[in-house]
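Okay, structure first, notes after.
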Number of protein chains: 2
Amino acid sequence: MHKRLPTIQDVARSAGVSTATVSRALTDPTRVSDATRQRVTLAVRETGYTVNQAARSLRKQNSNTLLVALPDIGNPFFSVMLDAIERTASEAGFATLIASRKQAGEAGSKLAEHLQSHRVDGVLVLDGSIALDGLLALHDPDEVPPIILACEERPGLASQLPVIKSDNVGASRKMVRHLIELGHQRIAHITGDPDSIVRAARLKGYREELIAHGIPVEDELIIEGDFSLESGAAAAQQFLALSDRPSAVFCSNDMMAVGFISEIRTAGLKVPRDVSVGGFDDIMVAEKIWPGLTTMHQDRARIGSLAAEALIQVLTDPDATPPRSHFLDAELVVRGTTALKT
Amino acid sequence: MHKRLPTIQDVARSAGVSTATVSRALTDPTRVSDATRQRVTLAVRETGYTVNQAARSLRKQNSNTLLVALPDIGNPFFSVMLDAIERTASEAGFATLIASRKQAGEAGSKLAEHLQSHRVDGVLVLDGSIALDGLLALHDPDEVPPIILACEERPGLASQLPVIKSDNVGASRKMVRHLIELGHQRIAHITGDPDSIVRAARLKGYREELIAHGIPVEDELIIEGDFSLESGAAAAQQFLALSDRPSAVFCSNDMMAVGFISEIRTAGLKVPRDVSVGGFDDIMVAEKIWPGLTTMHQDRARIGSLAAEALIQVLTDPDATPPRSHFLDAELVVRGTTALKT
DNA sequence: CTGTTAGCGCTTTCAC
DNA sequence: GTGAAAGCGCTAACAG
């Protein structure tokens, strides 16, 4: 298939030194003499040598590769994070392997296998729904496992893993406060996927802020969704059926808000005239739909790069202090769907 | 860091056979006796063994890993393809490594290095702007290099690489024909990035279809863009400045169409009342904006999986007929921006 | 059908 | 500062 690729032997021969010296010249130039270094450099150029990663990995017992586990690469919410991760990893000399969870039935096992088979040195988990038990079982309880969570913390054992994410409770409170400040007194909430911790956090924020303003929390105004566009549309139907409709809705994410708005509109209501809508995430369509969707902007690129940095830190310097969790602020972005109430 | 991981030796000891037998039992179960196979299987389970990929790669001179080179993972246009590629690869037992081009200055060299360093067996190129000379130099001219292009064919040497893509000329003709059938006689075109072959193909389709209908091609109606949202908005300004404005516009991609529409609207024109707009790609926002954008739907997932299949074919069966290029049909999706002309 | 053996290309002691 | 030699874990001859 290929031309036979040059090995370190070829370089050694060409430079008239031993393979050990070539290796040293390449990994830590200060450990060889100037003259040797130059001859090696020249020989490398002449032969077109590149280190064989497989051999290096086998010898060094690491792969300089990160694994990113995510539910759906096609979902921009995740792919933006992935992009930032890849960039961070690449700058640190790490390659990035991806595992999309949609694929195989057994999710966690695939990851464990990758880790165990020395294909990757560490894992970034962007997905709230991956089973991590298999992964965790590989490690001594008192060691720091090379796993970082992004976006979602986890229950059980995994709750001790470091997580980089937005402060969902605080951000939700900001959104609800915004609606209240616009004069809304009755605000509905469309929740996320019941299995997700994010759902709980945003619901909590919604409740807390209402209570802080002395507004009663009405169960009737909490409509179940699952983060999908369709569930937002379905929630709109429930919303329309309410005898006494609230003047505002806080949707647990943007996708549902888009579905909600589109359905509401079909029914002849106008946004924000008849109902103000707030979302969460600031995905691209939030900006492009008309009117623009007011939402909480999550800095997904930042989350991604912080997570990658934390993981690389663990991998390159195991004696450093173990990575800490980060909770980032999300920023309120006001657009057309919450125009001033007149 | 880890507990010491079990090796094939541990399995062999536990099963009371040689390592070679374990290896055989694992890679081709038919080559060992039933009894042996069972004992090995059991031993594998007991020890929790997983093959060390680094060792296997070193020995077999392959990595069972694909590299996907793309300009921007965060761009949904590419990430949907990436998703399909990853799924296809995973099903065939290949891992997927990503290289986002935004990162490093030297683009092509990074890829060549990955290939040469045995980190990956083949490359899928989703990006029209990556320099491939370095990659191609690695291969004998008469060998099939393990590189497949998706979306964009290339000039020069690389033009001989197989490419999987939409039939841009034909699809553009379809769109223009649609506009003509709606009664439009003067149709503007906003072009893509001058460096891109896609730009040329879509422009060609635009021209051909006009001519086929006996409509003169007016240079004045061909406005330069670069595929970005902003360039669509800028093109709208030029469009507005035309003394005799056409009644329809065919934008070379959806992003520009979105920018165009938003700018046109700011100027007080209505879509499609004052101008009909057609795009290309069918990205998600095309469906979500109001009115919905009429566009050519590219089956990006299909392109991705076909490309991955072709590459895996080359890698697993080098004696098979070399992969051929595919040109897929794109489908016209009619939405609000080209409502019937009355 | 199974065991023995060599060696993939690299890094790392251990000498000098 | 450099070389010799061992060995990471696996698979592919080659025998038997």
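Below, chains carry the letters A, B, ... as their sequence lines are ordered, and counting in each starts from 1.
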Main-chain N/O of A:Leu82 paired with A:Ser79 side-chain donor or acceptor, under 3.5 Å: no
Taking every non-hydrogen atom, the tightest pair across B:Val120 and B:Ser63: CA-OG, 3.2 Å
Side chain A:Arg37 and base D:dG1 donor-acceptor under 3.5 Å: no
B:Thr19 side-chain N/O to D:dG9 phosphate OP1/OP2 under 4.0 Å: no
Test salt bridge (charged side-chain N to carboxylate O under 4.0 Å, His left out) applied to A:Asp28 and A:Arg24, step by step: CA-CA 5 Å; A:Asp28 183 2; A:Arg24 282 189 281 254; over 6 Å; no
Distance, rounded to the nearest Å, where A:Arg24 contributes CZ and D:dA4 contributes P: 11 Å
Any donor-acceptor N or O pair under 3.5 Å, side chains A:Arg119, B:Thr65: yes
Length of the line joining B:Asp28:CG and C:dT2:P, which is rounded to integer Å: 13 Å
Touch class at under 4.0 angstrom, heavy-atom based, for A:Ser57 against every strand present: nothing
Pairwise 5' ranking along DNA chain C for B:Leu58 and A:Ala20, keeping only the more 5' one: B:Leu58
For atom CD of A:Gln53 and atom C1' of C:dG9, their distance in whole Å: 12 Å
Over 12 non-hydrogen atoms of neighbours within 6.0 angstrom of CZ in B:Arg37: yes
Selection from D:dT11, C:dT11, D:dG1 that lies nearest to any side-chain heavy atom of B:Val51: D:dT11
Phosphate OP1/OP2 of C:dG9: any A:Thr7 side-chain N/O under 4.0 Å: no
Euclidean distance, atom CZ of residue B:Arg39 to atom P of C:dT2 [Å, nearest integer]: 9 Å
D:dG1 OP1/OP2 closer than 4.0 Å to side-chain N/O of A:Thr21: no
Length of the CZ-C1' vector between A:Arg56 and D:dG9, whole Å: 18 Å
Length of the NZ-P vector between B:Lys60 and D:dA12, whole Å: 5 Å
Rounded distance in Å - CD1 (A:Ile8) to C1' (D:dG7): 15 Å
N/O (side chain, A:Gln61) to phosphate O (OP1/OP2, D:dG9) under 4.0 Å: yes
For atom CG of A:Leu26 and atom C1' of C:dT11, their distance in whole Å: 12 Å
Distance-only donor-acceptor test, A:Arg59 side-chain atoms vs D:dG9 base atoms, 3.5 Å: no
